[in-house]
Amino acid sequence: MELGATTALYPLHRCKTIYLVRHAQGIHNVAGEKDFGAYMSHDLFDAQLTPLGWNQVDGLREHVKKSGLAEKIELVISSPLLRTMQTAVGVFGGEKYIDGVNAPPLMVENAGHSGRPAVSSLNCPPFIAVETCREHLGVHPCDKRRSITEYRPLFPAIDFSLIENDEDVLWEPDVREPNEAVALRGMKFMDWLWTREEKEIAIVSHSGFLFHTLSMYSKECHPTIRDEVGKHFANCELRSMVLVDRSMLGSYSSRFNYAGKNPTGLDVPSDIADKKQVDEAQKN
């Protein structure tokens, strides 16, 4: 049998399964398809989902539940923009919020003029907002976020504690973040995931962020895999991937490994034992 490099083995505790999701259709997507210049419009500031976008959310939510993925996910991470948080809670949140339930909703009724009922935080994983997985920064008002003070009443059960600044200090009106910087930010985000204990994580982000990050990671892959990993995401598309720690960033040991019991005899593989026996015979 010829040996090749077509496969690879990694310890299970050095791997995480991540579920990457691009947000559903936003009002900026519709406007930008008609006229690219519309992305400069301040009317699209922190763009919310369209009615079609919410239909896409409902479709993905049904898939996540039917496939059993809803029971596997331990954490949901969202970019802190309106369209990504709407998508995240709509897909991975609890059932409709009921008055009198002693738990804050993930999203209040009609958040972002959605016309949608409140979303419960019961029986679903925790949600955190992370600034590192935002879309291209700068110039386009649709990619500028609101203050965290404005978001908290709309998404009471999302954890915003990892965001340092209340106002958006990253977005600049006249400087668009280079593609290479987006990719490096994405790799920094992936490294940060290794500080988390969760093994099954959903990430709701943006087309540009996902495309440039995955294109960077797929450079060393076979062309077929590179094309599969690096292609653009459709609205509300979900892709499952395995994130491998190749540099000992993670510090966790496996819950499933078992060291075995010490035998009474020589504790070496048979091929090594045979060689030692031959060596001893040659000495004599």
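Nothing fancy with the numbering, it's 1 onward along the sequence. All of these numbers come straight from a predicted model, not from anything done at the bench. All values below were derived from every heavy atom in this structure, side-chain atoms included, with hydrogens, water molecules and symmetry-related copies excluded.
Looking at Arg22, its side chain never comes within 3.5 Å of a backbone N or O of Glu237 through a donor-acceptor pair. Counting only distance, with no hydrogens or angles, the side chain of Ser79 and the backbone of Ser205 share no donor-acceptor pair below 3.5 Å. Of the possible polar contacts, one joining the Arg145 side chain to the Glu167 backbone as a donor-acceptor pair under 3.5 Å is found. Of the possible polar contacts, one joining the Lys199 side chain to the His13 backbone as a donor-acceptor pair under 3.5 Å is found. No donor-acceptor pair closer than 3.5 Å links the side chain of Thr213 to the backbone N or O of Leu210. Checking side-chain atoms of Gln48 against main-chain N and O of Ser114 turns up no donor-acceptor pair under 3.5 Å. The main-chain N or O of Gly138 is found under 3.5 Å from a side-chain atom of Arg176 such that the two form a donor-acceptor pair. When atom types are taken as modelled, the side chain of Gln86 and the backbone of Ala111 share a donor-acceptor pair closer than 3.5 angstrom.
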Report task. Please step through side chain to side chain contact (heavy atoms under 4.5 Å, CB included) for the pair Phe209 and Thr84, ending with a clear verdict. Result -> CA-CA 12 Å; Phe209 175 84; Thr84 41; over 6 Å; no
**Report entry** Worked check of side chain to side chain contact (heavy atoms under 4.5 Å, CB included) between Thr149 and Phe160
**Finding:** CA-CA 10 Å; Thr149 299; Phe160 293 97; over 6 Å; no
Query raised in the report: What's the verdict on side chain to side chain contact (heavy atoms under 4.5 Å, CB included) for Leu81 and His206, showing C-alpha distance, side-chain angles and the deciding distance?
Result: CA-CA 10 Å; Leu81 273 80; His206 306 263; 4.3 Å; yes
Query raised in the report: Hey, mind stepping through Val139 and Met40 against side chain to side chain contact (heavy atoms under 4.5 Å, CB included) and telling me if it holds?
Result: CA-CA 7 Å; Val139 180; Met40 301 297 294; 3.5 Å; yes
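Residues Val244 and Cys15 meet the side-chain proximity criterion, which asks for heavy atoms closer than 4.5 Å. Looking at heavy atoms from C-beta onward, Asp58 lies in side-chain contact with Arg116 at the 4.5 angstrom threshold. Counting heavy atoms from C-beta outward, Tyr151 and Ile158 have side chains that stay 4.5 Å or more apart. The side-chain heavy atoms of Val30 and Gln25, taken from C-beta on, include a pair separated by under 4.5 Å. Residues His212 and His136 are in side-chain contact: their nearest non-hydrogen atoms beyond the backbone lie under 4.5 Å apart. Side-chain atoms of Leu243 and Trp194, non-hydrogen and from C-beta on, do get closer than 4.5 Å to each other. No side-chain heavy atom of Val91 sits under 4.5 Å from any side-chain heavy atom of Val21. Side-chain contact check for Asp159 versus Pro126: every heavy-atom pair is 4.5 Å or farther apart.
Distance NZ/Lys231 to CG/Leu214: 11.5 Å, rounded to 0.5 Å. Here the CD-CG distance, from Gln56 to Asn235, works out to 5.0 Å after rounding to the nearest 0.5 Å. Atom SG in Cys142 sits 9.0 Å away from atom CG in Asp46 (nearest 0.5 Å). The line from OH of Tyr19 to CG of Leu238 is 8.5 Å long, rounded to the nearest 0.5 Å. The OG1 atom of Thr50 sits 8.0 Å away from atom CG of Asn55, with the distance rounded to the nearest 0.5 Å. Atom CE in Met190 sits 11.0 Å away from atom OG1 in Thr132 (nearest 0.5 Å).
The two residues Cys124 and Leu106 make their nearest non-hydrogen contact at SG-CD1, 3.8 Å. Considering every non-hydrogen atom in both His140 and Phe36, the closest pair reads CE1-CZ, 4.4 Å. Shown here for Cys133 and Ile77, the closest heavy-atom pair between the two residues is SG-CG2, 4.3 Å. Residue Gly93 comes nearest to Val119 through the heavy atom pair CA-CG1, 4.1 Å, listed as atom of the first residue, atom of the second, then distance. Leu162 and Ala129 make their closest contact through CB-O, 4.2 Å (heavy atoms, listed as atom of the first residue, atom of the second, distance). Annotation for Pro104 and Pro156: closest pair CB-CB, 4.0 Å, computed over non-hydrogen atoms.
Note on Glu95 versus Arg61: salt bridge recorded, some NZ/NE/NH1/NH2 to OD/OE distance being below 4.0 Å. Between Lys65 and Glu62 there is no salt bridge, since no side-chain nitrogen of the basic residue lies less than 4.0 Å from a carboxylate oxygen of the acidic one. For Arg185 and Glu177, the salt-bridge test passes: some basic side-chain N is under 4.0 Å from an acidic carboxylate O.
In the hydrophobic clustering of this structure, Leu44 does not group with Leu137; members are Ile, Leu, Val, Met, Phe, Trp, Tyr whose side-chain heavy atoms approach within less than 4.5 Å, directly or through other members. Hydrophobic clustering places Met241 together with Val130 (ILVMFWY residues linked when any side-chain heavy atoms are closer than 4.5 Å, directly or through intermediates). Hydrophobic clustering (side-chain heavy atoms under 4.5 Å, transitive across Ile, Leu, Val, Met, Phe, Trp, Tyr) groups Leu75 together with Ile203. Transitive grouping of hydrophobic side chains (ILVMFWY, heavy atoms separated by less than 4.5 Å) keeps Leu52 and Leu60 in distinct clusters. By the rule that hydrophobic residues join a cluster once side-chain heavy atoms approach within less than 4.5 Å of another member, Trp192 and Leu20 end up as members of one cluster.
Applying side chain to side chain contact (heavy atoms under 4.5 Å, CB included) to Asp168 and the options Asp166, Leu170, Asn165 leaves one that passes, Leu170.
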